[in-house]
Structure formats: structure tokens, C-alpha cells
Amino acid sequence: MGKTNFLQPVAFATCSYLKRRPGARKAMVLRALSSWGDLLDLPFAEKIFLDDRSPDLGALRLLASTHLLEKFTRVEYCSVAHPAHCNFGYVGAVQLAVSPYILHLDDDVSVTGSQQECAQWIDLAIRVMEEDPKIMGFNLLHLDPSFHGPDFLPDRPYREELGLYHPKKYFGNAVSIIRRELLCRLSYEELLRRGANQRGGWENEVSNSPAEFVVANKKTPFEVENTSYFYSATSEISTPGRLAHELRVKLRRLRGRG
């Protein structure tokens, strides 16, 4: 690429939790992690992987099977007991970074574009936040309106010439770059004090205003399989729940075509 640095130091931080029994989620995570090779070769200041208490080191074992383990500069297993909730893994991983900006990918996110495309999107996010101190985070996930629902989708224009908008309601952190100081709004220690009484997803709670966040209204090189909704790391969805979700997705697609 001929590229040595991002505009500012950026950490890459991710977490993973895998249940003991094998299944569709493990296969999905393996597919996603296997697509990260070129991304991890970008000049991140830190590359952090946290296994969030998987039984038998399941996430670390899966990572090792992809031959990507050596690409990370810090690999840890969480030793702090906590209830099952996505907040703990996410914040537990990103809080380990010291860089001013932190890129996070959920463990079921696939990189579908080139290394150069990834670098361009990361630089765009950093440039936007460097130029506008009010912007606290940039959602890099490719959003499917029929799947992700309205709250995270583009709404009010931010910089239309770049295809950038504020989200309708919430900041999504599945693939995102945040300022490190955003962690001060809801710390890991506070999450641990709450225990099982989590009031919602971390990104929802720190989204004081949609005007503080940016989302792209175009395709990005980061995607999730629609079935990721059914194979959450920390929850089980019943068959009726799956059918209801599939129905909602189909209805949104039909409305979009209309």
C-alpha cells in the first residue's frame, strides 16, 4: 500500500465469547475471523484480542486455528467474573487500549473489501473526528435497512458530499471507531457494579445525542451475516422469536420495494 501510518494512532480491539458446545455461531465466527488477515496487517498502534471467559479458552483456541494469533500485540483471557452480557466483552477489550482512537469489530463481522478500502474508511473516520471535536464515534458497519432496523440507520445529513449522516437514534459499535474518552461515560467498573442489571447496550447508553455520531449511507467493507441475530454469544432466541424476526425483516423489505 505504501502506507506507514494512519492520520492518528489507532488501536484495534476485539473480544469473543464462545460457548462450550459447537454450533452455528462457532462456524460463523470462524468465517468472520478468517477474513481479518489483511485488515490486521494495517499499521495499528495496538492490536488487542480478549477472550471474554469462553469455557476451555474457546475463543482463543478458535483464533489460534486461523493462524492470526501472532498478528495481535496483546491477547488476554478475562479473569473477572461477570454475568452474560455483550457490554462486558466490548468494554473489557477497548478499555485495554491507550491510543486516542479505537477500532472495534465484533467477532462475527466479516471484512468483505480490500485492505486499501479498509484503510480509506478508517482514515475517513479519523479525519472527520479530527476536524470535528463534537463527533465521538463513527459507525463503519455496512447497514441493511431490512435487517438492522431504523434506530441505527442514517437520518439527518452530516456531510452529504461524503455520504455521511447522523444515525436516527443510536450509535452502533459492532464495527466502529470511537474516541477513547467516550469510555468515560460508562466505564467497565460501573458495568461490573451493575452486574446482571444492565440497562441496555453500552453504545445505546453512551449515545447522548445522534449528533455526536456518524454513519455512512453507502456500502462499507464490513458486514455481518443476517443470521448473526439468531446466534448471539450471550443469549438464546426461541423458534417463535426467530420466526417473528424473519417476518419483520420480510415486511421491511417489502415496504422498501414499495
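Here, residue 1 is the first one in the sequence, and each next residue gets the next number.
- Under a hydrophobic-cluster definition in which Ile, Leu, Val, Met, Phe, Trp and Tyr are linked whenever side-chain heavy atoms come within less than 4.5 Å, directly or via other members, Val224 and Leu39 are assigned to the same cluster.
- Here the straight-line distance linking atom CG of Leu143 with atom CD of Glu223 works out to 10.5 Å at 0.5 Å rounding.
- Within the model, atoms CG of Asn204 and CG of Asn173 stand 8.5 Å from one another, a figure rounded to the nearest 0.5 Å.
- In this pair, Tyr90 and Trp202 present their aromatic rings tilted. The plane angle is within the 30 to 60° band.
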TODO: Begin from the C-alpha positions of Leu103 and Leu140 and carry the test side chain to side chain contact (heavy atoms under 4.5 Å, CB included) through to its verdict.
DONE: CA-CA 9 Å; Leu103 170 67; Leu140 287 167; 3.9 Å; yes

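- Residue pairs that meet the side-chain hydrogen bond (donor to acceptor under 3.5 Å, both in side chains) test with at least one member in residues 52-62, sequence neighbours left out, are Arg20-Asp56, Asp51-Ser54, Asp52-His82.
- Considering only heavy atoms from C-beta on, Thr14 stays 4.5 Å or farther from Val109 through its side chain.
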Task: From CA spacing to verdict: side chain to side chain contact (heavy atoms under 4.5 Å, CB included), Leu42, Ile122 - done: CA-CA 10 Å; Leu42 289 173; Ile122 293 168; 4.1 Å; yes

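- Residues Val111 and Cys118 meet the side-chain proximity criterion, which asks for heavy atoms closer than 4.5 Å.
- Annotation: side chain of Arg159 is in contact with side chain of Glu131 (closest heavy-atom distance under 4.5 Å).
- Side-chain contact between Leu7 and Glu130: absent, with no pair of heavy atoms (C-beta onward) separated by less than 4.5 Å.
- Rounded to the nearest 0.5 angstrom, Leu40 CG and Ser35 OG are separated by 9.5 Å.
- The two residues Thr112 and Phe222 make their nearest non-hydrogen contact at OG1-N, 4.2 Å.
- In this structure, Pro221 and Ser114 have side chains that are not in contact, with every pair of non-hydrogen atoms separated by 4.5 Å or more.
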Open item on the list: What verdict does the side chain to side chain contact (heavy atoms under 4.5 Å, CB included) test give for Glu189 and Gln95, after you've listed the backbone C-alpha separation in whole Å, the side-chain angles of each residue and the deciding distance to 0.1 Å?
Closed with: CA-CA 10 Å; Glu189 290 72 25; Gln95 65 150 359; 4.2 Å; yes

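- Ala93 and Ala13 get closest at one heavy-atom pair: O-CB, 3.9 Å.
- Minimum heavy-atom separation, Gly172 to Glu203: CA-CG, 4.0 Å.
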- [ ] Would you sort out whether Leu63 and Leu68 count as a side chain to side chain contact (heavy atoms under 4.5 Å, CB included), showing the intermediate values?
- [x] CA-CA 6 Å; Leu63 177 66; Leu68 296 178; 4.0 Å; yes

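- Classified by interplanar angle (parallel below 30°, tilted 30° to 60°, perpendicular above 60°), the ring pair Tyr170/Phe152 is tilted.
- No side-chain donor-acceptor contact under 3.5 Å links Arg25 to the backbone of Lys19.
- For the pair Arg193 and Glu190, the salt-bridge criterion is met [side-chain N within less than 4.0 Å of a carboxylate O].
- Ion pair Arg180/Glu46 not flagged as a salt bridge, since none of the NZ, NE, NH1 or NH2 atoms sits closer than 4.0 Å to an Asp/Glu carboxylate oxygen.
- A distance-only check finds no donor-acceptor pair linking the side chain of Lys134 to the backbone of Ala211 [under 3.5 Å].
- Scanning all heavy atoms of the two residues, the minimum distance from Gly92 to Leu50 falls at C-CD2, 3.6 Å.
- Leu162 is connected to Leu153 through a chain of hydrophobic side-chain contacts under 4.5 Å among Ile, Leu, Val, Met, Phe, Trp and Tyr, so both are in one cluster.
- Smallest separation of non-hydrogen atoms from Thr66 and Ser34: CG2-OG, 3.9 Å.
- The CG atom of Leu182 lies 11.5 Å from the CD1 atom of Ile135; values are rounded to the nearest 0.5 Å.
- Counting only distance, with no hydrogens or angles, the side chain of Asn87 and the backbone of Gly200 share a donor-acceptor pair below 3.5 Å.
- You'll find the side chain of Arg185 reaches within 4.5 Å of the side chain of Asn208, heavy atoms only.
- Exactly one of Phe138, Phe171, Tyr158 qualifies for a ring pair (Phe, Tyr, Trp, His ring centres under 6.0 Å) with Phe213. That residue is Phe171.
- His166 contributes no side-chain N or O that, together with a main-chain N or O of Arg156, makes up a donor-acceptor pair within less than 3.5 Å.
- The nearest pair of heavy atoms linking Pro133 to Met136 is O-SD, 4.3 Å.
- Phe88 and Leu60 are members of different hydrophobic clusters when ILVMFWY side chains are connected at heavy-atom separations under 4.5 Å.
- Lys169 contributes atom NZ, which lies 12.0 Å from atom CG of Asp155 (distance to the nearest 0.5 angstrom).
- Looking only at side-chain heavy atoms (C-beta outward), Ile102 and Leu183 come within less than 4.5 Å of each other.
- Rounded to the nearest 0.5 Å, atoms CG (Asp107) and CE (Met28) are 7.5 Å apart.
- With hydrogens and angles ignored, the 3.5 Å screen pairs no side-chain donor or acceptor of Asp106 with any backbone N or O of Asp108.
- Linking Ile, Leu, Val, Met, Phe, Trp and Tyr residues whenever their side-chain heavy atoms come within less than 4.5 Å leaves Met129 and Val98 in two separate clusters.
- Side-chain contact check for Glu212 versus Arg179: every heavy-atom pair is 4.5 Å or farther apart.
- Pairs of residues two or more places apart, or lying in two chains, that qualify as ring-ring contact (aromatic ring centres under 6.0 Å, His included) and include a residue from residues 19-70 are Phe6-Phe44, Phe12-Trp36, Phe12-Phe44, Phe49-Phe72.
- Ile177 and Leu186 are not part of a single hydrophobic cluster, where members link through side-chain heavy atoms under 4.5 Å apart.
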